[in-house]
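Below: one structure, written as structure tokens.
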Amino acid sequence: MKKILVTGSNGQIGVELVQHLRKIYGSDNVVATARKKVAGPVSESGPFAFLDARDGKAVGELLDSWKIDTVIHLAGILSARGEADPQLAWDTNMNGLYTMLEAARPRKCAFFFPSSIAAFGPGTPTKNTPQDTIQRPSTIYGVTKVAGELLCDYYHLKYGLDTRGLRFPGLISYSAPPGGGTTDYAVHIYYEAAATGRYTSYIGKGSFMDMMYMPDALDAVARLMEADPSKLRHRSAFNISAMSFDPEGIAASIRKVIPKFELSYKVDPVRQAIADSWPDSLDCSAAKEEWGFAPRYDLDAMTRDMLERVSKP
Ligand code: AKB
């Protein structure tokens, strides 16, 4: 990776990944793009351009003018928002991906695609979910993730494009809020714990989902994109996860720092149904074997760091 273009730069991952990549590859070598400009490091610490990923002409011009060799395509609609507007989710996630791949193809750009635990569905084994298994998701977001994984594989097989991707679990971070996801409760709970000492969860007791702290997700993207291609058998869809917990588990971890923390429930049926359709815990052995995936944060280490960060005035 020498000249990198990132789409969806204002999103939860984008805000931090742009900064992470600028530290490694140099500020001038990471072009952040988004449909809106937001004041802050993404638009101020290096090149920024307006971009709608569905606009092929604009994408091509940007790739050429910055001599881009790597595309990190993050722009997309998450699970809960997708269920509220499936047509928008399909248009943004699929037409955006197709347009970006078509622009990357003649320019031979390496290409990163963020898949998700949402690429699995009710028929998937829920415990230690294998790397290669049944994928029949019941959300439009999941449908776009399975289709995206397959499309990226196709561009590799058919055109030799260097496509790579990760199945992200719920990501927990403090720099930018998540928007429209099902796993977002695991971010909000820290803010509320620090501010009020209590949280009402929209996900029910006993609903386990895979999760990861953002620093480990940033490291995973950079490691995967730098991995020796001859070692990669699962190009665009590696299972990755650092922990699996339900609301009671994260609350117990918070109580080690804030003993009086109170958790109550008001379950949202839409997001609960999505959570119920996803795995409880992933098998990440392919990512470990093929490119050295090695997350550093477990639940308690993440909790200590999150609470310290979100408590700062
Ligand atoms: C969501 O909840 O939609 C995302 C995801 C797991 O892909 N965080």
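Everything quoted here is computed from the prediction, not taken from an experiment. Start at 1 and go down the list; that is how both ligands and their atoms are numbered.
Within the structure, the ring-ring contact (aromatic ring centres under 6.0 Å, His included) test picks out no pair touching residues 178-197 (sequence neighbours left out). Screening residues 287-299 for side chain to side chain donor-acceptor pair (under 3.5 Å), with sequence neighbours left out, gives His234-Glu290. The ring-ring contact (aromatic ring centres under 6.0 Å, His included) pairs that include a residue from residues 43-91 are Phe48-Phe50, where partners are two or more places apart or lie in different chains.
Contact shell of ligand 1 (protein heavy atoms, cutoff 4.0 Å): Leu78, Ser79, Ser116, Ile117, Tyr141, Gly181, Thr182, Thr183, Trp278.
Using modelled atom types and a 3.5 Å distance limit, the side chains of Ser264 and Thr200 yield a donor-acceptor pair. Using a 3.5 Å distance cut-off with no hydrogens or angles, the side chains of Asp246 and Ser207 do not pair a donor with an acceptor.
Within 6.0 Å of CZ on Arg223 lie more than 12 heavy atoms contributed by other residues, nucleotides or ligands.
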